[in-house]
Every structure is written in structure tokens, then in C-alpha cells.
Amino acid sequence: VAQFYDAQGFVTEAAIDELRLGYNPSTLVFQGPIIEEEATNVLTYSHDFTHAAWTKSFSSSITLDGAMVSPDGTLGAYYYDAPTSSGTLFHLNPLTTEVMTFSVYVKRIPASGIFQMLGVGAGGGASFNLATGTVVSGAATIQSLPNGWYRCSVTGLKQANHVFLTMNAANQVFYVWGAQIEVGSVATSLIYTTSTAETRAADLEASAPPSLVFSNVTEEDAPVWNSVTAFTAGQKAVVLGDYHRVYESVGSNTNVFPPDNPSDWIDQGATNRWRMFDMNVGTEKQTVSEDLNNLINVMLNFDTVVNTITLLNLFASSVRIIMRDEFGNIVYDYSQDLLSGVYESTWWSFFFGGRTRITSLSLTDLPPYSPSTIEMILEGGDDVAKIGKMIIGSAVDIGCTRYGTSVGIIDFSRKERDAFGNNFILQRRYVDRVDFDIQILTRRVDEIKKLLSEIRATPVLYIGDDSFQSTIIYGFYRDFSIVISGPRLSDATLQVEGI
């Protein structure tokens with residue numbers, strides 16, 4: 001687990017393997033994914049200042065105030081009082097020759113008085129003015145948080161086997177919360193401790209295709225499966241890891257892993273987040289926005305060159321595609337209004353004509369950067385944004401699609417008549433169909449035949465013409481034929497059925 005500042009500026013915990021998307025706690029401006037190296041908080045009882053590990057002196061006292069909002073948004077911060085001329089809170093720690101950073105969250109009511117942190121810096125520590133939110137002295141930093149809290153930190157060589165939180169005047173009152181000592185010159189995200197030092201593991205990017213860096217779509221379709229929960233018939237569970245799928249229990253079972261036991265669990269398909277990456281394109285298999293602003297925002301990493309991105313079965317008002325190089329520089333930025341205009345330029349059409357939606361979009365001009373990051377922002381406007389399929393890869397040019405290419409559908413509905421001529425109609429799903437008429441270079445006949453033979457049982461995206469949505473189809477080819485028509489150009493046909 002690891003901590004970060006959420007959109008309200010509160011300290012929030014992210015679960016294991018959950019990407020932290022941090023905000024500036026002072027301005028609440030979104031700062032993006034948090035990537036940190038491993039760090040260890042060597043200060044024990046980081047949030048329990050009444051513990052014996054923290055020693056009070058000069059008649060100072062500390063108690064837990066259950067009515068004070070702490071930096072994590074909960075009720076509970078420590079009330080630190082010095083009725084005499086000064087007050088000090090000690091914590092014993094081993095000596096070290098490494099540069100260390102000591103940090104603590106502190107609040108003053110009223111926001112006046114000088115707060116000191118001693119025993120870490122080579123120059124004796126640092127002091128802070130909590131009325132102005134500034135550093136008074138020392139190699140230190142101060143960070144503003146909501147509700148009058150500050151995170152104060154001081155860096156230096158640890159000179160003694162203890163650290164101090166000190167008030168140098170009588171009748172000063174502070175609230176303290178979340179102390180940390182770590183190697184290095186920067187205070188990293190908070191690490192909770194009790195009786196022993198605790199380590200936060202490094203943030204490591206998972207590299208499993210597609211390498212999904214970020215998605216604002218959750219995987220809360222159902223509770224996450226675990227081996228101890230007893231599931232009953234009809235209950236659903238999500239299996240994450242390498243699967244990201246939803247399963248429905250056939251009967252009562254416990255510790256029966258769904259992917260390995262199809263007789264006990266029915267595979268209901270990919271989770272909402274991953275539907276746009278599975279094999280299905282239909283309406284019932286769309287990724288649906290859960291965002292209050294009707295947005296779908298995803299970001300993926302690629303270690304190889306990609307030049308094409310295609311979005312299928314869209315339902316949105318606009319889309320933006322952003323490509324960045326390995327240094328984060330934007331190298332491609334494309335925006336498209338997905339609500340097309342009326343077909344006729346007449347006053348009737350202007351006032352009464354309906355606007356149609358672009359449901360398929362294919363871009364084949366992405367620059368060849370590797371590695372790269374591609375971000376998609378799909379805006380639904382007043383409607384919930386949806387997408388059936390997102391395909392990114394390196395396109396291969398087969399030839400020139402010619403006039404004569406036909407498009408249509410294969411309908412699986414039932415339309416029958418009984419003996420008296422009455423109609424019986426049962427609407428079922430359909431799939432797209434395209435019969436491509438292609439002109440190819442004769443010298444590439446063998447190459448293209450070999451390529452098509454290799455993908456004979458593989459779902460592939462075929463792009464006839466990116467200006468005709470109906471010629472963009474994801475599926476299998478039923479048949480292909482190449483006629484060697486001449487020494488320079490030849491003819492080919494390719495019959496493709498959608499999934």
C-alpha cells in the first residue's frame with residue numbers, strides 16, 4: 001500500500017498495485033501518476049504520539065483529540081501542549097552517517113508561534129512560522145494542506161540519537177500527525193509504522209500487453225473473488241491479475257478458482273474497464289463511462305512502433321488522441337467531433353434535421369516513436385460515453401481499395417411465416433460484412449498471399465478507407481482470391497466478416 005493526496009487534498013491510501021493519481025494538496029491541481037523509489041520510515045509509532053517511544057519533557061503533554069480533522073480527513077489528531085516556558089517531544093533513533101529527512105504534519109490554533117524540529121539537520125534543525133507558512137531557518141521545506149495543516153520537513157546528517165518536536169515558549173498548543181524519518185533529501189509519501197520500521201516498495205510499471213498505465217474506468221462490476229468467501233448460485237465475482245473478467249457462480253462453492261472451473265462458474269466476459277480490449281465489439285460489450293463528466297480516459301504504454309489507432313462502436317460527442325514520446329513530449333495530438341453535420345444544406349435540415357454520430361474512427365498517421373504513450377480522452381457530452389473496441393498497432397499496406405467494394409451485414413434474426421401467412425420475427429444480433437475489391441502490386445503477390453495465410457484464424461482489423469466507416473471492420477476473412485492480372489498490377493478480393 002502507499003499514500004497520496006487525493007482531489008480534496010487529503011492523505012489517502014492506495015491498495016497494492018493500484019496506480020496513485022496525485023493532486024497538489026495546496027492548490028488541488030491534478031499532478032498525474034506518482035512514481036517513487038523504495039523508502040523506509042525508520043521512525044516507529046509514526047501516528048501514535050502517546051506511545052512510550054515518544055518522550056515528553058518540560059511538563060509538556062500530548063493527548064488524542066477525536067474532534068480534530070486530521071490530514072487524512074478522519075477525526076483524530078494529537079493535541080500537544082506546553083504549559084511552561086518550553087516543551088519537547090523526543091523520539092530515540094539509531095545514529096546514521098546518511099543524509100536523512102525528518103517530516104511531520106503540524107497545525108497551530110491560532111496559526112501563530114514558531115514550531116521547531118531539531119536533531120536531524122547538521123545546523124541544529126529548522127523552525128517554521130505557521131502563521132505565514134514559511135521556513136524561518138534551516139535546510140527545510142513546508143507544504144500547505146487543507147484545514148490549516150502543514151507538512152514540515154528538515155534535511156541533514158543525523159547528529160544525535162533522537163529527534164525533537166519543540167515549542168520554545170509557554171502556553172503553546174500544536175496538533176501533530178504522521179511523523180517520518182527516511183534516507184534522502186526529500187520527504188516522500190507518508191509511510192505508516194507501529195513497533196518497527198516499515199518500507200514502501202518502489203512503484204514499478206507492469207509490462208503486460210496492452211500495458212494499461214491509467215484508466216478512469218473501475219473494475220467494480222462485482223466483488224473480487226477470493227479463496228475464503230463462500231459464493232452461492234447467481235453471485236458474481238471479478239477475477240483480476242491476468243484475467244480481468246467477471247464470472248457467475250453456478251452453485252454454492254468456496255475456494256473454486258473461476259477460470260479453471262468452467263463447470264462451477266460461467267464466464268460473463270471482460271470487466272467494464274477491459275471490454276474495449278477484448279474480442280467483442282457489440283453494444284452489449286462496450287466499456288461504459290462511470291465518470292461524473294461522462295468521460296473515458298485511458299493511457300497505454302508501447303515498447304514497439306505503432307502507427308495506427310482505431311476506435312469501434314463509439315457513442316460519444318468528441319474524442320482526443322494524444323501520443324507522447326519516452327520523455328513525455330507530445331508528438332501527436334488529434335481531436336475529432338463525433339457528431340457529424342446534416343447531410344443537406346437546407347433550412348429544413350438546419351432546423352429539423354438530425355445529426356448522426358461517427359461510430360468508427362481510424363487514424364493511420366501516428367509518428368513512429370518507440371517507446372511511446374498513447375492517451376485517449378472520450379467525451380460523452382450530455383450522454384454517457386461508450387466504446388466497443390480500441391485497437392492500436394502497426395498497419396500493413398496490402399493495396400488500394402477500389403470502387404466496387406461492397407458493404408453489408410449478416411443478420412441472425414429469424415423472419416418466418418406460418419401456414420396461414422402470419423409473420424414471426426425474432427430480432428437477433430448481426431455482424432458487419434465487407435467484400436473488398438483490391439488492386440495490388442504484382443511483385444507483392446507472394447508476400448500478400450503469405451500474410452493473409454498467416455492470419456487466417458486471427459481477428460484482424462481491416463481498413464478499406466478511413467473516410468468510410470462501413471469499410472472499417474474487425475473480424476475474420478472468409479475467403480480471399482488473387483488474380484495475377486498483369487506484370488505491374490494485379491487484382492484481389494477479400495471477404496471479411498465482423499466479430
Hey, does the side chain of [X] reach the backbone of [Y] with a donor-acceptor pair shorter than 3.5 angstrom?
X	Y	result
Trp149	Val69	yes
Glu182	Val42	no
Glu379	Asn294	no
Ser490	Leu441	no
Thr471	Asp465	yes
Thr442	Leu489	yes
Glu290	Thr218	yes
Asp435	Val407	no
Asn261	Asp264	no
Asn329	Asp325	no

What I'd like to find out is whether the side chain of [X] reaches to under 4.5 Å of the side chain of [Y], using heavy atoms alone.
X	Y	value
Met376	Ile387	yes
Arg200	Leu190	no
Ile181	Met100	yes
Gln336	Ser318	no
Asp365	Tyr332	yes
Tyr243	Trp274	no
Phe476	Pro459	yes
Phe480	Thr493	no

Can you label the angle between the Tyr192 ring and the Trp177 ring as parallel, tilted or perpendicular, going by 30° and 60°? perpendicular

Please report the shortest heavy-atom distance between [X] and [Y], naming the atom on each side.
X	Y	result
Asn307	Ala395	OD1-N, 2.9 Å
Thr271	Glu219	OG1-OE2, 2.9 Å
Val431	Gly498	CB-O, 3.5 Å

Using a strict cut-off of less than 4.0 Å between a Lys/Arg side-chain nitrogen and an Asp/Glu carboxylate oxygen, indicate whether [X] and [Y] qualify as a salt bridge.
X	Y	value
Arg357	Asp383	yes
Asp491	Arg402	yes
Arg444	Asp446	no
Glu447	Lys450	no

State, without any angle test, whether [X] and [Y] hold a side-chain donor-acceptor pair at a distance under 3.5 Å.
X	Y	answer
Arg324	Thr373	no
Thr359	Gln469	yes
Thr12	Arg20	no
Thr287	Asn272	no
Ser189	Glu36	yes
Thr155	Thr101	yes
Asp291	Ser289	no
Tyr5	Gln143	yes
Ser153	Thr141	yes

Verdict with reasoning, Ile322 to Ile377, per side chain to side chain contact (heavy atoms under 4.5 Å, CB included): CA-CA 8 Å; Ile322 304 171; Ile377 305 171; 4.3 Å; yes

Evaluate the salt bridge (charged side-chain N to carboxylate O under 4.0 Å, His left out) criterion for residues Arg433 and Glu497: first the C-alpha distance (whole Å), next the side-chain angles of each, then the deciding distance (0.1 Å), finally the verdict. CA-CA 5 Å; Arg433 174 189 57 79; Glu497 294 182 4; over 6 Å; no

Could you measure the distance from the [atom1] atom of [X] to the [atom2] atom of [Y]? Nearest 0.5 Å is fine.
X	Y	atom1	atom2	value
Leu361	Ile321	CG	CD1	7.0 Å
Thr74	Met68	OG1	CE	12.0 Å
Thr40	Ile191	OG1	CD1	6.5 Å

Take Phe10 and Tyr23, measure what ring-ring contact (aromatic ring centres under 6.0 Å, His included) needs, and give me the verdict at the end. CA-CA 9 Å; Phe10 291 125; Tyr23 292 77; over 10 Å; no

Go through it in stages, so that I can follow the logic: the residues are Asp221 and Arg273, the test is salt bridge (charged side-chain N to carboxylate O under 4.0 Å, His left out), and I'd like the CA-CA distance, side-chain angles, deciding distance and then a yes or no. CA-CA 9 Å; Asp221 306 60; Arg273 174 185 292 182; over 6 Å; no

Can the ring centroids of Phe231 and Trp265 be said to lie less than 6.0 angstrom from one another?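 So the answer is yes for these two rings.
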
